[in-house]
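Notes follow the structure.
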Amino acid sequence: MNYWLLKSEPDVFSIDDLADVEREPWDGVRNYQARNFMRDQMQVGDLALFYHSNTRPPGVVGVARIATPAHPDETQFDPQSRYYDPKSSPDNPRWWCPDVSFVLKFPDVVSLQTLRDDPGCAGMLVTRKGQRLSVQPVEPEHFRRVLELAGVDPADVSAAL
DNA sequence: GCCAACGTTGGC
DNA sequence: GCCAACGTTGGC
C-alpha cells in the first residue's frame, strides 16, 4: 500500500466538494510524472493527503482514498473542456487517473508552514521550494505524522473507510 | 499581483 | 538533441 499527496485548488475542487460527491475522477492532471504515478503506481485502497493549494494558508485538509484503478481521463476527449488534449485519442489515451473517494476532513488545516517547521515531516516533497508536482508520493511515516499533527487517530481513518 | 521555479514546445 | 521562449504553478 502506497501513500500520496493530491493537490487541488479549493476554488476549483475542495475537500468539501469531495465530501459532497463522495467520489470523483481525479481528472485534469496534465503532467507526465503525475500521470505516471496515477497510472502505474496507485492501487485501490491507497490513501492520500488532500492538499489545498493557492489558498491561505496552503496545507493538508483531509484524507482521500484511491477508489478505482486508473482509467482514461475523459476530459482529454472533450473539446469543451479546459483540459481537452487534441493530440490524445480514445485508442491511445495520453492522460489517466483513478477515481478518489472522501475519507475524512481534518478538524483544522495542517498548513504548509507547519509541515516545514516539523522535524517529523523533514524531506516531504511538498515542503521543497519550487515543488509543483500535483500528485506526489508520501512516505508512510510522513503520512502518520501528518495525521498526528491534525489530531486524527489512525483508527479514525480506518473507521471512515 | 508578483515572480521564482519548473515543464513543455518548437525552431534549428 | 539543444536551448530559448513561453506558459503554468503556487507560495507569498
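Sequence lines set the chain letters: A, B, ... in the order given, protein chains first and strands last, and positions in each chain run from 1.
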Item to complete: For A:Asp91 and A:Ser89, test the side chains for any donor-to-acceptor distance below 3.5 angstrom and give the result as yes or no.
Response: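 Short answer, no.
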
Discussion item. Once you measure the plane-to-plane angle for A:Phe50 and A:Phe13, does it fall in the parallel (<30°), tilted (30-60°) or perpendicular (>60°) bin?
Written reply: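 Taking A:Phe13 first and then A:Phe50, their aromatic rings sit tilted (interplane angle of 30° to 60°).
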
How long is the line joining [atom1] of [X] and [atom2] of [N], in whole Å?
X        : N      : atom1 : atom2 : result
A:Lys7   : B:dG7  : NZ    : P     : 11 Å
A:Arg56  : B:dC2  : CZ    : P     : 17 Å
A:Asn31  : C:dG7  : CG    : P     : 18 Å
A:Asn54  : B:dC3  : CG    : P     : 17 Å
A:Asp11  : C:dT9  : CG    : C1'   : 14 Å
A:Leu133 : B:dG7  : CG    : P     : 8 Å
A:Glu9   : C:dG10 : CD    : P     : 7 Å
A:Gln131 : B:dA5  : CD    : C1'   : 10 Å

Fill in: Closest-nucleotide 5' rank along DNA chain B - winner of A:Arg94 and A:Lys129
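Between the two, 5'-proximity favours A:Lys129.
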
Fill in: Upstream residue (5' side of DNA chain B) when A:Gln33 and A:Lys87 are each assigned their closest nucleotide
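Final value for this comparison: A:Gln33.
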
Worksheet item: Is the A:Trp95-A:Tyr32 ring centre distance short of 6.0 angstrom?
Response: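 Centroid distance A:Trp95-A:Tyr32: below 6.0 Å, so yes.
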
Worksheet item: Just checking A:Arg116: base, sugar-phosphate only, or nothing, at a heavy-atom cut-off of under 4.0 Å?
Response: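 It contacts sugar-phosphate atoms only.
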
Discussion item. If you compare every side-chain N and O of A:Tyr83 against the phosphate oxygens of C:dT8 (OP1, OP2), does one of them come in below 4.0 Å?
Written reply: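 No.
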
Worksheet item: Is the shortest side-chain N/O distance from A:Arg132 to OP1 or OP2 of B:dC3 below 4.0 Å?
Response: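 The answer is no; no side-chain N or O of A:Arg132 sits under 4.0 Å from OP1 or OP2.
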
Item to complete: Verify the neighbour count for atom CZ of A:Arg128: are there more than 12 heavy atoms of other residues, nucleotides or ligands below 6.0 Å?
Response: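 Not buried by this count: 12 neighbours or fewer within 6.0 Å.
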
